[in-house]
Amino acid sequence: KNQVEQSPQSLIILEGKNCTLQCNYTVSPFSNLRWYKQDTGRGPVSLTIMTFSENTKSNGRYTATLDADTKQSSLHITASQLSDSASYICVVSAGSWGKLQFGAGTQVVVTP
Amino acid sequence: DSGVTQTPKHLITATGQRVTLRCSPRSGDLSVYWYQQSLDQGLQFLIQYYNGEERAKGNILERFSAQQFPDLHSELNLSSLELGDSALYFCASSPQGIGDNEQFFGPGTRLTVL
């Protein structure tokens with residue numbers, strides 16, 4: 001069983017609207033959580049990295065939240081643009097050397 | 001542009017063959033990671049090298065092997081290729097050997113096995 005579960009699997013939103021992606025994890029011990037954006041056929045690009053003590057982190061129109069108690073994270077996209085169409089991957093780093101566990105990703109499609 | 005380069009960009013080969021994928025990390029990065037991403041699948045960690053030494057192993061098949069050279073570039077060797085090996089192969093690099101470092105991904109090599 002994957003230790004990092006993302007929902008929804010896919011999402012279609014209208015340009016200009018907001019959306020929220022979810023990530024639940026069971027990875028332990030927790031080190032940090034990252035969100036990556038991956039355009040089709042290209043390498044993932046880091047959006048945010050949060051450690052245990054951080055609740056919120058923003059990168060432009062992307063805002064990630066972390067609740068380490070409930071082991072949940074969300075990524076909020078504000079005022080979506082067509083260029084936001086991509087897969088968003090939640091990655092949790094565990095253990096002393098930080099082994100990474102990847103979620104399957106949420107595919108976001110922004111339509112005009 | 002992440003600063004990580006991968007060659008070739010595309011590779012088409014036949015079952016049973018052997019191929020080599022190459023990765024050059026960002027300047028100054030000591031760690032290289034290899035990942036496989038099959039169609040509509042998530043990223044699967046294969047192997048990590050740090051400063052020439054194998055640091056961690058993931059879901060890497062015995063038919064696959066990798067190495068990191070003194071100049072820190074890395075190669076992933078895939079042998080006895082099967083149809084199921086068709087995938088995008090990504091290389092990532094980070095400054096140090098621990099996974100906590102942010103990883104910077106290359107553009108990937110698309111392997112098609114016919």
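Below, chains carry the letters A, B, ... as their sequence lines are ordered, and counting in each starts from 1.
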- Item | Sub-4.5 Å side-chain heavy-atom contact between A:Val45 and B:Ser2 |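 When only atoms from C-beta onward are counted, B:Ser2 and A:Val45 do not touch, as no gap falls below 4.5 Å.
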- Query: Is the closest side-chain heavy-atom distance between A:Arg42 and B:Phe90 below 4.5 Å?
  - Reply: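 With C-beta onward as the side chain, the pair stays apart.
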What is the distance from atom [atom1] of [X] to atom [atom2] of [Y], rounded to the nearest 0.5 Å?
{"X": "A:Tyr36", "Y": "B:Gln103", "atom1": "OH", "atom2": "CD", "answer": "5.0 Å"}
{"X": "A:Thr48", "Y": "B:Glu102", "atom1": "OG1", "atom2": "CD", "answer": "9.5 Å"}
{"X": "B:Phe105", "Y": "A:Ser46", "atom1": "CZ", "atom2": "OG", "answer": "9.5 Å"}

- Task: Let me know if A:Gln38 has heavy atoms under 4.5 Å from chain B in its side chain, its backbone, both or neither.
- Result: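 Side chain only.
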[X], [Y]: one ILVMFWY side-chain cluster at the under-4.5 Å cut-off?
{"X": "A:Leu21", "Y": "A:Leu14", "value": "no"}
{"X": "B:Tyr50", "Y": "B:Ile60", "value": "no"}
{"X": "A:Val108", "Y": "A:Val4", "value": "yes"}
{"X": "B:Trp34", "Y": "B:Val4", "value": "no"}
{"X": "B:Phe64", "Y": "B:Leu88", "value": "no"}

- Got more than 12 heavy atoms from elsewhere within 6.0 Å of CZ, A:Phe52?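 For A:Phe52, atom CZ is not crowded (no more than 12 foreign heavy atoms under 6.0 Å).
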Considering only heavy atoms, which portion of [X] lies under 4.5 Å from any heavy atom of chain A: side chain, backbone, both, or neither?
{"X": "B:Tyr35", "value": "side chain"}
{"X": "B:Leu43", "value": "both"}
{"X": "B:Gln6", "value": "neither"}

- Task: Count the heavy-atom pairs under 4.5 Å between each of A:Gly43, A:Gly41, A:Pro44, A:Ser87 and chain B, then report the option with the highest count.
- Result: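 Of A:Gly43, A:Gly41, A:Pro44, A:Ser87, A:Pro44 has the most heavy-atom pairs under 4.5 Å with chain B.
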